[in-house]
Amino acid sequence: MEKVIEIKELTKIYKNGRGIQNLSLDIYKGDIFGFLGPNGSGKTTAMKIMTGLMKADSGTVKLFGYNIVDEYEKAMERVGCIIETAESYPYLTAYENLKLFSRYYKNIDDNRINEVLELTGLLRYQNEKAKNFSLGMKQRLGLSAAILSKPDLVILDEPLNGLDVEGMIEIRKLIKRLAETEKTTFFISSHLIHDVELTCTRIGILYEGKLLNVDYMQNILSNYATLENYFISEVDKNGRI
Amino acid sequence: MGGYKATIINELEKMYKKKKMIVILIISIAVILIGKLISFGMSTVGVGVFKESTIFPISVLSVLSITPLPLFTTLVAIDLFAGEFSHNTMKITLTRPVSRFKIFSAKVTVIAIFVLINLLSVMFLSTVAGLICNFSSISFIGIIRIVISYIVTLLPIMVFALVVVFFSNIFKSGTAVFFLSVMLYLISFIMGKILSPYSSLFITSMLDWYIHWVSGVTLIPKITREFLIMLGYGIMFFTAGYYLFDKRDL
């Protein structure tokens with residue numbers, strides 16, 4: 001299977017002693033990988049390093065075989081992402097925001113912009129400025145930007161933040177559909193265990209900056225009643241609860 | 001080159017949509033109008049420096065190059081760097097398939113485009129205003145002098161902009177960068193006057209270097225020396241600014 005993400009011994013320690021330590025992980029094509037962990041466990045730090053927003057103290061990250069530090073443009077060419085919060089330019093409309101992002105990619109026309117706006121349920125708000133959007137609508141706009149270029153890898157940090165139940169179901173369906181029909185690989189971090197259980201096919205548990213375990217959802221659910229039970233068991237096994 | 005070009009277009013569009021460019025142009029035009037009104041007043045009391053149509057644009061430039069333009073350029077440079085960092089919108093561009101060097105270069109290019117548009121707009125309007133009042137004094141040499149004066153002013157303004165960009169990559173707050181830039185500008189301006197033998201070391205004393213270009217006597221050695229000093233400052237601050245921009249964690 002093709003490796004989409006290759007992380008080797010990644011370490012980043014902040015002045016307060018938190019961060020990530022010796023994180024090694026491989027993500028394969030078609031995976032919907034759920035990165036689970038409590039607040040402050042290092043999920044966002046890992047994702048920031050993966051997308052070049054932050055430099056690691058040591059270790060390497062390769063996306064599609066390209067090192068994120070040395071070959072940034074090639075590594076990010078087929079990647080879409082939301083890191084920490086879904087940002088947009090508040091003084092621009094939803095359409096104008098996506099038009100701006102589209103200039104960095106080839107073959108994205110107005111039809112594609114309208115298509116992603118429809119997929120995320122924003123088509124009727126396309127001419128409204130982002131500053132008037134609710135948190136959920138901003139999240140949808142961030143998702144539109146992340147999938148605009150039809151990326152092969154989508155990295156999403158807490159993608160369901162601010163969404164109502166209907167929105168969560170829609171986005172979950174969208175992720176599954178893209179993974180099935182276009183073989184898009186997803187790397188999703190979340191603290192919403194139930195949603196991760198319903199969406200992801202593979203799970204990694206991060207606790208206090210260390211990757212405790214990685215396993216397929218199918219295996220997990222054949223051994224545990226819920227993902228939550230597995231999470232508690234893994235953390236407990238490592239003597240941290 | 002694709003990412004560099006896309007960033008330039010995007011930054012220009014963002015600037016236009018924020019309407020800052022329009023506000024700044026309006027203020028620049030207001031400077032011309034106020035200057036023209038003053039010149040009318042001075043002409044009536046017998047001070048003749050504004051009587052020639054081609055002198056008026058140069059007198060506008062002498063005001064524009066030391067106060068409004070450095071101020072506007074500072075605001076634009078802060079908006080493009082510290083502003084984007086503090087509003088968390090920098091990561092929108094940084095997570096696209098374009099290197100940080102291209103993003104940094106594109107943003108500096110946009111500042112240069114802004115300064116050039118401002119200079120050319122003021123040049124055009126002040127020349128027209130000068131001609132309306134005294135059409136008979138127009139001369140080809142006079143027009144060439146005006147164009148050269150405005151074009152060469154781009155260089156010292158850009159060097160100052162690079163100093164602001166450098167500070168924008170050190171501090172998170174745009175307000176802190178603004179006050180620091182204004183303070184440094186004032187200190188440099190005063191030091192340039194006090195230590196006049198060493199004034200060529202201060203960038204603020206080069207804001208009026210267009211005078212060497214249009215004075216009757218050819219001052220090639222002086223122009224070359226000042227050009228090389230500005231180039232040196234420019235390269236230093238561009239490199240230092242880029243280094244900080246590239247190393248910055250978000």
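In what follows, chains are A, B, ... by sequence order, proteins preceding strands, each numbered from 1. Keep in mind that what you see is a predicted model, and the values were worked out from it rather than measured.
Seen from the ring of A:Y72, B:R100 does not count as a face-on cation partner, given the 6.0 Å and 45° thresholds.
Rounding to the nearest 0.5 Å gives a distance of 6.0 Å between OG1 of B:T95 and CG of A:L53. Within the model, atoms CD of A:E87 and CG of B:N88 stand 4.5 Å from one another, a figure rounded to the nearest 0.5 Å. Rounding to the nearest 0.5 angstrom, the gap separating the OG1 atom in B:T93 from the CG atom in A:L100 is 8.0 Å. Rounding to the nearest 0.5 angstrom, the gap separating the NZ atom in A:K55 from the CG atom in B:D246 is 5.0 Å.
Neither the backbone nor the side chain of A:A86 comes within contact range of chain B; no heavy atom of the residue lies under 4.5 Å from a heavy atom of that chain. With a 4.5 Å cut-off on non-hydrogen atoms, A:T85 touches chain B through its backbone and its side chain both.
Counting heavy-atom neighbours within 6.0 Å of B:F179 CZ, excluding the residue itself, gives a total of 12 or less. The environment of NZ in B:K172 is sparse: at most 12 heavy-atom neighbours from other residues, nucleotides or ligands sit within 6.0 Å. Sparse packing is recorded around OH of A:Y66, with 12 or fewer heavy atoms of other residues, nucleotides or ligands lying under 6.0 Å away. Other residues, nucleotides and ligands contribute over 12 non-hydrogen atoms within 6.0 Å of the CD atom of A:E2. Enclosure of atom CG in A:N107 is not indicated, since only 12 or fewer non-hydrogen atoms of other residues, nucleotides or ligands lie within 6.0 angstrom. Counting heavy-atom neighbours within 6.0 Å of A:E128 CD, excluding the residue itself, gives a total above 12.
Counting heavy-atom pairs under 4.5 Å between each of B:L250, B:N10, B:T89 and chain A puts B:N10 at the top. Of the listed residues A:K74, A:E77, A:E96, A:K106, the one with more heavy-atom pairs under 4.5 angstrom with chain B than any other is A:E96. Most heavy-atom pairs under 4.5 Å with chain A, from the set B:H87, B:R248, B:E13, B:R96: that is B:R96.
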Begin from the C-alpha positions of A:Y91 and B:K14 and carry the test side-chain contact (heavy atoms from CB on, under 4.5 Å) through to its verdict. CA-CA 8 Å; A:Y91 46 85; B:K14 278 152 59 183; 3.5 Å; yes
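Between B:P97 and A:Y104, the shortest heavy-atom distance links the atoms CG-O, 4.0 Å.
The main-chain N or O of A:I83 is found under 3.5 Å from a side-chain atom of B:K91 such that the two form a donor-acceptor pair.
Ion pairing between a basic and an acidic side chain is recognised when a charged N comes within 4.0 Å of a carboxylate O; B:K102 and A:E73 show such pairing.
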